[in-house]
Q: 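First, the structure itself, so that you have it in front of you.
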Amino acid sequence: MCGICGCGEGPVHLDEHEHSHEHEHEHEHDHNHTHSHAAVHSHAPGLSQVRMVQIEQSILAKNNQYAHENRRFFSDHGLLVLNLVSSPGSGKTTLLTETILRLKDDIGIAVIEGDQQTARDAERILATGVQALQINTGKGCHLDAHRVGHALEKLQLQDHSVLFIENVGNLVCPSAFDLGEAHKVVVLSVTEGEDKPIKYPDMFHAADLMILNKIDLLPHLDFNVEECIQYAKQVNPRIKILSLSAKTGEGMDNWVQWLKAELQLQLIAYA
Amino acid sequence: MHEMSLCEGILQTLEQQAEVQDYQKVRTVWLEIGALAGVEVEALRFSFDVVMEGSLAEGAKLEVISVPGQAWCIPCGINVPVEQLYDPCPHCGSHQLQVNGGDQMRIKELEVE
């Protein structure tokens, strides 16, 4: 059992990690030491005594610590990292393969694929000629920052490049787990119904960009684009929206421009 | 079902704190869960009992302190109560809201021995 994030994965490779995690952690608990000493002195050793202990710690503290480490790594290397989230079948992998084909000659790209089982998505990415690493979460419903941190050790990431993290297809759980990304990008396909943003508000609230995918199918559907955008803005007034079809290429230029602009911003920060 | 992962996270904190704070058993865990934290309290209770089994917190009581959602309404310039992320401002009806309360999930306090 992984002792860090509760992901249910085999052995922990904490020793492979930067030592900073543990040090930082001790600092965070410094105030608790005082309580502890006071409590120890207040009763005879060996006697069990019921007492109260103040914790005041986020349940996600561990994940957030790892996310912080990841973010620092990304920033040190001028990496633009995007966490792609959606329900299963929204077209994330096709969006990625089409994006890679348009960008790979100009920009370094790598992909971390999260799925419960199989390496099918990583294989599709590898076929485009860029690096891909599959993480199988088993019964887990989301990627967490700890697993992503280990994936970073295995990838040969080029400075000033783009890393896409394709999260497990799930519009609920991944919203709570920061991976250290610059942005969560939520992909919604028009076959899913325009009210997804208010049905799954947490995810649309956590995302900075919504990609409305498969717009080539709109003529065959009753999907109301304006209503969908209105729902998304209702949950998250700051969300940006791009409509496209990864299949026909319509709207892909805007997405590619957005990526390039965001990478440029990372480079400015890096410099 | 990320409530299961959350409970694993709670257990790790309890185990880690057991060393620092010198306790052997956890009797009660107080959590503060915001209405906008995306946590289903009933699922959390169920997972809690399952995850704590066989640990230093086996049979521990789980007390959940609910914190109401709150957001800053930009047009009104005041904090307003919200129950859902898609709620409008109860005064002006705007959705220009920035959540600033009730999105936390924290371990607050423990009763230990």
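Scope of the values below: all heavy atoms of this structure, side chains included, with no hydrogens, waters or symmetry mates. Convention: sequence-line order gives letters A, B, ...; per-chain numbering from 1.
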Q: Would you say that A:Arg51 contacts B:Val112 through its side chain, given a criterion of any heavy-atom pair below 4.5 Å between the two side chains?
A: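 When only atoms from C-beta onward are counted, B:Val112 and A:Arg51 do touch, with a gap below 4.5 Å.
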
Q: Distance from B:Arg106 atom CZ to A:Ile59 atom CD1, nearest 0.5 Å?
A: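 Here the interatomic distance stands at 10.0 Å.
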
Q: Report which part of A:Phe177 has an atom under 4.5 Å of a heavy atom belonging to chain B: side chain, backbone, both, or neither.
A: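 Side chain of A:Phe177 only, per the 4.5 Å heavy-atom cut-off to chain B.
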
Q: Would you mind telling me which of A:Ile198, A:Val53, A:Asn236, A:Val172 has the largest number of heavy-atom pairs within less than 4.5 Å of chain B?
A: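 Highest number of pairs under 4.5 Å: A:Val53.
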
Q: Measuring from A:Asn170:CG to B:His2:NE2, what's the distance to the nearest 0.5 Å?
A: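 Reported to 0.5 Å precision, the distance equals 9.0 Å.
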
Q: Looking only at heavy atoms, which two atoms of B:Leu97 and A:Arg238 are closest? And how far apart?
A: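 The answer is O-NH1, 4.2 Å.
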
Q: Measure the CG-OG distance between A:Leu60 and B:Ser5 for me, rounded to the nearest 0.5 Å.
A: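 Reported value, rounded in 0.5 Å steps: 9.5 Å.
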
Q: Taking the side chain as every heavy atom from C-beta outward, state whether A:Lys233 and B:His95 have any atom pair closer than 4.5 Å.
A: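 A side-chain contact under 4.5 Å is absent here.
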
Q: Can you establish whether the number of heavy atoms outside B:Glu63 located under 6.0 Å from its atom CD is more than 12?
A: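 Counting other residues, nucleotides and ligands, CD of B:Glu63 exceeds 12 neighbours.
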
Q: Starting at CG of A:Asn63, measure out to CG of B:Leu6 and round the result to the nearest 0.5 Å.
A: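 If I round to the nearest 0.5 Å, the distance is 10.0 Å.
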
Q: If we only count heavy atoms from C-beta on, is the A:Val235 to B:Gln84 side-chain gap below 4.5 Å?
A: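 The answer is no; the side chains never approach within 4.5 Å.
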
Q: Does the side chain of B:Leu110 reach to within under 4.5 Å of the side chain of A:Met52, using non-hydrogen atoms?
A: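 Side chain of B:Leu110 against side chain of A:Met52, heavy atoms only: no contact under 4.5 Å found.
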
Q: With a 4.5 Å heavy-atom cut-off, do B:Gln104 and A:Ser58 have their side chains touching?
A: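 The answer is no; the side chains never approach within 4.5 Å.
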
Q: Could you tell me the separation between the SG atom of A:Cys173 and the CD atom of B:Glu3, rounded to the nearest 0.5 Å?
A: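 A:Cys173 atom SG to B:Glu3 atom CD measures 7.0 Å (nearest 0.5 Å).
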
Q: Name the option with the most non-hydrogen atom pairs under 4.5 Å to chain A; the candidates are B:Arg27, B:Glu15, B:Glu32.
A: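 The option with the most such pairs is B:Arg27.
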
Q: Decide, yes or no, whether a salt bridge links A:Glu56 with B:Lys108 under the criterion of side-chain N to carboxylate O below 4.0 Å.
A: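 Judged by the 4.0 Å cut-off on N to carboxylate O distance, A:Glu56 and B:Lys108 do form a salt bridge.
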
Q: Whether the side chain of B:Glu113 engages the backbone of A:Gln49 through a donor-acceptor N/O pair (distance < 3.5 Å, no angle test) should be reported.
A: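 Judged by distance alone, no pair lies under 3.5 Å.
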
Q: Hey, what do you get for OG1 (B:Thr13) to CD (A:Gln57), rounding to the nearest 0.5 Å?
A: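 So the gap between those two atoms works out to 4.5 Å.
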
Q: Has B:Arg45 got more than 12 heavy atoms of other residues, nucleotides or ligands less than 6.0 Å from its CZ?
A: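 Correct, the count exceeds 12.
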
Q: Under a 4.5 Å heavy-atom cut-off, does chain A meet the side chain of B:Leu31, its backbone, both or neither?
A: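 Just the side chain, heavy atoms under 4.5 Å.
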
Q: Just wondering, do A:Lys62 and B:Gln16 contact through their side chains at under 4.5 Å, heavy atoms?
A: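 Yes - at least one pair of side-chain heavy atoms lies under 4.5 Å apart.
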
Q: Can you name the closest pair of heavy atoms from A:Gln234 and B:Tyr86 and give their distance?
A: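 So the minimum-distance heavy-atom pair works out to NE2-O, 3.3 Å.
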
Q: What are the two closest non-hydrogen atoms of A:Asp202 and B:Gly38, and how far apart are they?
A: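 Heavy-atom minimum between the residues: OD2-CA, 3.5 Å.
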
